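Atoms within each ligand, like the ligands themselves, are counted from 1 in listed order. Throughout, numbering of the chain's residues begins at 1 and tracks the sequence. Values in this document were obtained by computation on a predicted structure and should not be read as measured data.
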Amino acid sequence: MPNLTYTRMVLDETLRLYPAAWMISRTAVEEDEIGGYRIPAGHTLFLSPYVTHRRTDLWPNPEGFNPGTFHPGEQQRRPRFAYFPFGGGPRLCIGNNFALMEAT
Ligand code: HEM
């Protein structure tokens, strides 16, 4: 399965355009500042893989289906969280590798 490079590229591109979890949320445990915005403690922040995966400043052809976007090595050219269909950090999807194996 690891040799099915193009299959994986198609799956990654599918999850870019149609991330099954299109919105996730976090609650700020303490006050913070993100990108110049003050975040009061206790406030809920929504992060959308769907929207981020279609940002024109991160993706050359956001609305198009182009598996080449995920050619090995391409990922390193983007910011780490330009693409997060499985979330990130301590609550990263624990089923991510299983899901990708099943999909393949
Ligand atoms: C394409 C398939 C899947 C996608 C897109 C997906 C996406 C996600 C995302 C975005 C999160 C993080 C939610 C958050 O940060 O609030 C998550 C968490 C989680 N996922 Fe998945 N998931 C997939 C398949 C699976 C499968 C197959 C399993 C189990 C066999 C699984 C088990 C979990 C669990 C247990 C968590 C919670 C982890 C935690 O909070 O510590 N997921 N998933």
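Put simply, no part of Pro19 is less than 4.0 Å from ligand 1, judged by heavy atoms.
His43 contributes atom NE2, which lies 13.0 Å from atom CG of Asp32 (distance to the nearest 0.5 angstrom). Between atom CD1 of residue Ile39 and atom OG1 of residue Thr44 there is a gap of 11.0 Å, rounded to the nearest 0.5 Å.
Atom 13 (C) of ligand 1 has as its closest protein heavy atom Ile24 CG2, 3.9 Å. Scanning the protein heavy atoms around atom 14 (C) of ligand 1, the nearest turns out to be Arg26 NH1, 3.5 Å.
The nearest protein heavy atom to atom 6 (C) of ligand 1 is closer than 4.0 Å.
Using a 4.0 Å cut-off to heavy atoms of Ala20, the atoms of ligand 1 that qualify are 5 (C). Within ligand 1, counting atoms from 1 as listed, the ones closer than 4.0 Å to a heavy atom of Phe98 are 27 (C), 30 (C). Within ligand 1, the atoms closer than 4.0 Å to a non-hydrogen atom of Pro85 are 5 (C), 7 (C), 10 (C), numbered from 1 in the order shown.
Ion pair Asp12/Arg8 flagged as a salt bridge, since at least one NZ, NE, NH1 or NH2 atom sits closer than 4.0 Å to an Asp/Glu carboxylate oxygen.
If you chain together hydrophobic residues whose side chains sit under 4.5 Å apart, Met9 and Met101 never meet in one group. Residue Met23 is not grouped with residue Leu92 when hydrophobic side chains (ILVMFWY) are merged at heavy-atom distances under 4.5 angstrom, including chains of intermediate members. Trp22 and Phe86 fall into different hydrophobic clusters, where Ile, Leu, Val, Met, Phe, Trp and Tyr residues are linked whenever their side-chain heavy atoms come under 4.5 Å apart, directly or through other members. Trp59 and Val10 fall within a single hydrophobic cluster, where Ile, Leu, Val, Met, Phe, Trp and Tyr side chains are chained together by heavy-atom contacts under 4.5 Å.
Distances under 2.8 Å from atom 21 (Fe) of ligand 1 pick out the protein N/O/S atoms Cys93 SG.
Through direct or relayed side-chain contacts under 4.5 Å between Ile, Leu, Val, Met, Phe, Trp and Tyr, Ile24 connects to Leu47, Phe81, Phe84.
Remark: Arg91 engages no residue in a salt bridge (charged side-chain N to carboxylate O under 4.0 Å, His left out) (not counting sequence neighbours).
Residue-level proximity to ligand 1 for Glu102 is absent, since no heavy atom of it falls below 4.0 angstrom.
At least one N/O-N/O distance between Arg91 and ligand 1 falls below 3.5 Å.
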Scan the side chains in residues 62-74 for donor-acceptor partners under 3.5 Å anywhere in the protein, sequence neighbours excluded, and list what turns up.
from	atom 1	to	atom 2	distance (Å)
Glu63	OE1	Arg54	NH1	2.9
Asn66	OD1	Gly68	N	3.1
Thr69	OG1	Asn66	O	2.7
Glu74	OE1	Arg77	NE	3.4

